[in-house]
Amino acid sequence: MSFDVSTPLFFFRHGETFYNAEGRIQGQLDTPLSPLGREQALEVGRLLRPTLKAEGLTGEQADWFASPLSRASETMTLARREMGLPQDAFTRDKRLMELNFGAWQDMTWPEISNRDPGAVAARKSDFWNFRPPQGESYADLAARVASFLDGLTGPTVVAAHGGVARALMALIGGVRPGETRGMPVHQGRLLVFSGGRGRWI
């Protein structure tokens with residue numbers, strides 16, 4: 001990977017969805033924001049302006065990208081609107097889509113544990129490389145996120161998903177891949193990567 005880790009990257013996860021509230025796996029299903037999720041998107045916009053300013057940047061000096069899944073794209077739209085920026089002036093990139101959970105999408109973890117306890121155990125033993133049935137592993141996800149990073153040329157703002165945050169933690173945040181399991185990925189907050197580390201705001 002050729003990405004320069006001294007280049008700041010400002011990441012935020014999409015706001016809450018109804019699936020999040022139910023504890024149901026979305027993966028690459030396209031699910032809408034809840035009312036709370038839209039409020040969290042606006043909160044990110046309020047956080048972004050002073051955070052960019054602290055780095056000596058304005059919104060116009062960064063490149064803006066989002067996952068094409070509507071929960072991430074709408075979060076980006078609302079955050080930019082809150083900042084007074086043209087709300088649709090960002091790029092949707094498929095490499096930023098959530099991990100594909102395959103046959104597990106639209107299910108809760110208790111449902112998966114009851115249906116396929118052996119696969120759940122296998123995932124616990126090798127979190128990074130395990131692939132759900134018809135799905136992809138975090139290693140697969142990290143490969144496409146690395147491809148995205150290699151195309152960046154300057155400060156960047158990204159709206160995406162929890163899985164993408166874990167991939168970024170491993171790629172440019174100084175976290176070992178296996179240690180990203182269970183790490184919280186907050187909604188309504190910023191994760192700033194710079195100098196090979198990530199910090200929450």
Side-chain angles (χ1 to χ4, degrees), residues 10-48 64-82 87 90 92-116 119-120 123-124 127-128 130-138 140-142 144-145 157-170 173 175 179-193 198-201:
F10 307 88
F11 172 91
F12 51 98
R13 183 185 178 191
H14 62 81
E16 183 199 70
T17 67
F18 295 103
Y19 269 48
N20 289 148
E22 296 171 7
R24 194 167 296 279
I25 294 174
Q26 300 164 102
Q28 294 188 355
L29 298 178
D30 204 0
T31 57
L33 295 177
S34 68
L36 174 58
R38 289 191 287 275
E39 285 299 319
Q40 290 168 331
L42 296 173
E43 178 61 24
V44 166
R46 290 189 284 270
L47 287 171
L48 260 172
W64 297 70
F65 295 90
S67 161
L69 294 173
S70 62
R71 59 189 185 269
S73 294
E74 184 180 3
T75 299
M76 177 66 91
T77 296
L78 291 169
R80 287 182 60 87
R81 189 175 75 190
E82 183 70 11
Q87 61 184 32
F90 63 91
R92 293 166 173 84
D93 194 308
K94 290 182 178 180
R95 292 171 294 182
L96 296 172
M97 290 175 70
E98 179 61 292
L99 182 79
N100 184 349
F101 278 90
W104 290 2
Q105 294 180 164
D106 202 32
M107 299 174 68
T108 65
W109 284 112
E111 289 170 347
I112 295 166
S113 296
N114 288 333
R115 179 178 295 187
D116 199 350
V120 172
R123 183 177 186 268
K124 288 180 179 177
F127 168 76
W128 196 253
F130 173 81
R131 289 190 182 96
Q134 294 95 55
E136 64 181 341
S137 68
Y138 274 93
D140 297 329
L141 171 59
R144 57 179 164 88
V145 173
V157 181
V158 170
H161 308 272
V164 174
R166 291 185 171 86
L168 290 169
M169 290 173 188
V175 179
E179 293 174 354
T180 65
R181 180 174 178 260
M183 293 184 74
V185 183
H186 305 285
Q187 290 165 314
R189 292 178 62 184
L190 291 174
L191 178 56
V192 181
F193 293 95
R199 72 183 191 278
W200 284 101
I201 295 174

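Fair warning: this is a prediction, and the values are worked out from it, not measured in the lab.
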Point to revise | Cation-aromatic face contact R181/W128, 6.0 Å, 45 degrees | key: no
Check your understanding: When you check the side-chain N and O atoms of T108 and E22, is any donor under 3.5 Å from an acceptor?
Key -> no
Check your understanding: Between N20 and Q187, is any side-chain donor less than 3.5 angstrom from a side-chain acceptor?
Key -> yes
Practice item. Taking the side chain as every heavy atom from C-beta outward, state whether R13 and V164 have any pair of such atoms under 4.5 Å apart. Key: no
Review point. Are T77 and F90 close enough that some pair of their side-chain heavy atoms sits under 4.5 Å apart?
Key: yes
Check your understanding: F65 and V157: side chain to side chain contact (heavy atoms under 4.5 Å, CB included), yes or no, with the steps?
Key -> CA-CA 6 Å; F65 295 90; V157 181; over 6 Å; no
Any side-chain to backbone donor/acceptor pair from [X] onto [Y]? Under 3.5 Å, distance only.
X    : Y    : result
D116 : I112 : no
S73  : S67  : yes
R166 : M183 : yes
E98  : Q26  : no

Could you tell me which residues satisfy side chain to side chain donor-acceptor pair (under 3.5 Å) with [X], sequence neighbours excluded, listed by chain and number?
X    : answer
Q105 : none
D30  : S70
R144 : E136
D93  : R95

Indicate the atoms forming the closest heavy-atom contact of [X] with [Y], along with that distance.
X    : Y    : value
E16  : S34  : OE1-OG, 2.6 Å
A66  : A72  : CB-O, 4.3 Å
D106 : R24  : O-NH1, 2.9 Å
T75  : H14  : OG1-CA, 3.4 Å
G163 : Y138 : CA-CE2, 3.8 Å
R71  : G27  : NH2-O, 2.7 Å

Study note, to complete from the structure: Which of L190, L191, V192 passes side-chain contact (heavy atoms from CB on, under 4.5 Å) with W200? It is L191
Rounded distance (nearest 0.5 Å) linking atom [atom1] of [X] with atom [atom2] of [Y]:
X   : Y    : atom1 : atom2 : value
Y19 : L33  : OH    : CG    : 14.5 Å
L69 : L29  : CG    : CG    : 9.0 Å
L96 : H161 : CG    : NE2   : 7.5 Å
L99 : Q28  : CG    : CD    : 7.5 Å
E74 : L78  : CD    : CG    : 5.0 Å

Exercise for review: For V44 and R189, run side chain to side chain contact (heavy atoms under 4.5 Å, CB included): C-alpha distance rounded to whole Å, both residues' side-chain angles, the deciding distance at 0.1 Å, then the answer.
Suggested key: CA-CA 6 Å; V44 166; R189 292 178 62 184; over 6 Å; no
Practice item. Report the C-alpha separation of R115 and M107 in whole Å, then their side-chain angles, then the decisive distance to 0.1 Å, and conclude whether the side chain to side chain contact (heavy atoms under 4.5 Å, CB included) test is met. Key: CA-CA 10 Å; R115 179 178 295 187; M107 299 174 68; 3.7 Å; yes
Check your understanding: With sequence neighbours left out, what residues match R46 under salt bridge (Lys or Arg N to Asp or Glu O under 4.0 Å)?
Key -> E43, E82
Review point. Does anything in residues 97-116 pair up under ring-ring contact (aromatic ring centres under 6.0 Å, His included), and if so which pairs, sequence neighbours excluded?
Key: W104-W109, W104-F130
Point to revise | Ring centroid separation F11 to F193 under 6.0 Å | key: no
